[in-house]
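For ligands, and for the atoms within them, numbers begin at 1 and follow the listed sequence.
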Amino acid sequence: MKTLKRITIVGGCGHVGLPLGIVLASKAGLQVELLDIDPTKVNLVNSGKMPFMERGADELLSQVVGKSLKATTDPSCINSADAVITVVGTPVDRHLNPTVGEVYRSIDALLDRMKDGTLLVLRSTVYPGVTKLVHERLRRLNRKVLLAFCPERIAEGNAVEELIKLPQIVSGFEPDAIAAAGELFGKIAPSLIELTPPEAELAKLFTNSWRYANFAISNQFYMLAENCGLDFYRIHDAVTRDYPRMRSFAKAGFAAGPCLLKDTLQLAAFSQNNFFLGHAAMLINEGLPMFLVQQLRPHDLPNKRVAILGMGFKAESDDKRDSLSYKLKKLLSVEALEVLCTDPYVPDEDLVPLEETIRRADVIIVGAPHAVYRDIEIPAEKIVLDPWNFFPARQLASVTA
Ligand SMILES: NC(=O)c1ccc[n+]([C@@H]2O[C@H](COP(=O)([O-])OP(=O)(O)OC[C@H]3O[C@@H](n4cnc5c(N)ncnc54)[C@H](O)[C@@H]3O)[C@@H](O)[C@H]2O)c1
């Protein structure tokens, strides 16, 4: 097995590839090239700027860019790589089925350039069985590329911190591939956990589906309590306070973003659509925006201006991919007088400044509870809908009054 020095990350300027590249370049002493099809992101990265929010990444990027890290749109960097990590994933299509074609196409393109003996790491969450299919394809082509599946398990926004804290799951069909992947991730992760590829694929999907179902339980209980005029958070506090068995009882709020729903649906498709818990979680989490609209209907919604605070898919994020705040906006646009959306981080020219939003709105809904909203003053006459309990004193008081 050759020593790993030069690493290419395919999809390297995205939310998974870029933090990983920065950490490999800054903490593992590796030479990292970030290959991406998006020239805007490539230019930003090469000028030392992060294309998205990621805690702690800006400083590390400025230390390594132009030295041990560079971004490029030129795939020839694959030719000289000792290891290629690809984050190109398996999105679900509009029929809610995973699309694996993109992964195959991108891997075929890599194989044209990769030398035998090179490590190929599948990093994105894949549909179960994809690693085996890629492995079989390599054997059919008589290629001696070392294939490993090593799923990314960071929470977006915390990647730089978590990549060096979380154990890394490593899997492959051959000892050489497992050893090479272990050598690579052993440079940054505190420990390695070895699984077979099918186990590792399910491990990643179980993780995201578990989180998604966990949020759905809270959202279901929230809606149940609200429907009978009770304050969910008084009950939440009562059952979690000094009661360790309920530690994982999440708060209610939008469970969204590019991963949790997609990966739950991958598991659903894999289980021949017998993953009832996953589908139930989808109905509950995706149903929360409509529940909020329904709560407002008795309050003369057609004559109300409604504000949504926070359009990112979660707090402290500028990522609006699959954000339920946008789903809520769409629903409200049909029924309310006007919808005013605000967010300090999300790039969207339709957003309204916070101060104007609060001033003009009759109703305020917390979409993503960014910390910057903590100290805002909301006049008493405004209705507040706050599934997160971000403004505890305002919890539904105005709506039920
Ligand atoms: N975002 C997360 O927190 C997270 C966590 C764990 C796993 N994942 C998985 O990682 C995968 C990637 O997610 P992401 O959030 O980084 O997506 P992203 O959109 O932020 O990044 C993907 C990057 O790949 C680039 N790209 C697409 N096709 C390419 C190609 N053929 N060649 C080169 N570059 C290409 C895009 O331009 C983009 O910069 C997904 O499958 C996701 O399920 C994401």
Side-chain angles (χ1 to χ4, degrees), residues 8-23 33-46 50-55 57 71-78 81 84-93 98-114 120-128 130-131 149-163 166 168-169 200-201 203-212 255-267 312-323 347:
T8 292
I9 302 180
V10 183
C13 293
H15 292 81
V16 166
L18 182 52
L20 177 63
I22 291 173
V23 170
E33 293 195 87
L34 306 169
L35 175 64
D36 207 290
I37 51 172
D38 184 337
T40 310
K41 284 192 208 159
V42 165
N43 289 337
L44 267 178
V45 171
N46 282 334
M50 287 293 293
F52 48 82
M53 287 166 72
E54 187 61 59
R55 204 166 307 122
T72 180
T73 54
D74 177 3
S76 67
C77 58
I78 296 168
V84 175
I85 302 172
T86 177
V87 307
V88 178
T90 46
V92 285
D93 64 18
T99 52
V100 287
E102 215 172 304
V103 179
Y104 292 147
R105 270 192 299 281
S106 75
I107 283 171
D108 279 354
L110 301 181
L111 287 180
D112 289 344
R113 294 179 174 277
M114 285 177 73
L120 172 59
V121 178
L122 308 183
R123 183 70 169 160
S124 88
T125 312
V126 297
Y127 186 69
V130 163
T131 313
F149 171 62
C150 306
E152 179 60 82
R153 298 199 296 162
I154 52 97
E156 221 180 276
N158 301 326
V160 168
E161 188 190 335
E162 290 191 349
L163 278 165
L166 299 180
Q168 176 62 51
I169 292 175
E201 289 169 343
K204 175 63 199 179
L205 291 180
F206 284 177
T207 307
N208 279 2
S209 301
W210 185 89
R211 291 193 74 217
Y212 192 65
C259 292
L260 298 188
L261 172 59
K262 165 181 75 74
D263 293 345
T264 303
L265 293 179
Q266 303 222 34
L267 203 50
F313 84 81
K314 65 176 182 179
E316 316 316 319
S317 173
D318 58 354
D319 191 349
K320 60 180 180 183
R321 289 179 296 174
D322 298 313
S323 165

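Residue Arg105 does not touch ligand 1, judged by heavy-atom distances below 4.0 Å. Neither the backbone nor the side chain of Arg153 comes within contact range of ligand 1; no heavy atom lies under 4.0 Å.
In this structure, Leu34 and Gly12 approach most closely via the heavy-atom pair CD2-O, 3.5 Å. Across all their heavy atoms, Asp36 and Cys13 have their closest contact at OD2-N, 3.0 Å. Residue Leu18 comes nearest to Pro51 through the heavy atom pair CD2-CD, 3.4 Å, listed as atom of the first residue, atom of the second, then distance. Nearest heavy-atom pair, Arg321 versus Phe313, reported as atom, atom and distance to 0.1 Å: O-CB, 3.8 Å. Nearest approach of Leu122 to Phe149, heavy atoms of both residues: O-CD1, 3.3 Å.
Counting non-hydrogen atoms of other residues, nucleotides and ligands closer than 6.0 Å to CZ of Arg123 gives a total above 12.
The distance from ligand 1 to the heavy atoms of Lys262 drops below 4.0 Å at these ligand atoms: 41 (O), 42 (C), 43 (O). For ligand 1 and Val10, the ligand atoms under 4.0 Å from any heavy atom of the residue are 32 (N), 33 (C). Of all atoms in ligand 1, numbered sequentially from 1 with element shown, those under 4.0 Å from a heavy atom of Asp38 are 37 (O). Counting the atoms of ligand 1 from 1 in the order shown, those under 4.0 Å from a heavy atom of Lys204 are 6 (C). Applying the 4.0 Å criterion to heavy atoms of Val87 picks out, from ligand 1, the atoms 11 (C), 12 (C).
Counting heavy atoms from C-beta on, the side chains of Leu20 and Ile9 come closer than 4.5 Å. No side-chain heavy atom of Val10 sits under 4.5 Å from any side-chain heavy atom of Ser106.
By the 3.5 Å distance cut-off applied to N or O atoms, Arg321 is counted among the residues near ligand 1. Polar contact with ligand 1: absent for Ser106 (N/O pair, distance under 3.5 Å). Ligand 1 has no N or O atom lying under 3.5 Å from any N or O atom of Gly17, backbone or side chain. Looking at ligand 1, you'll find an N or O of His15 within less than 3.5 Å of one of its N or O atoms.
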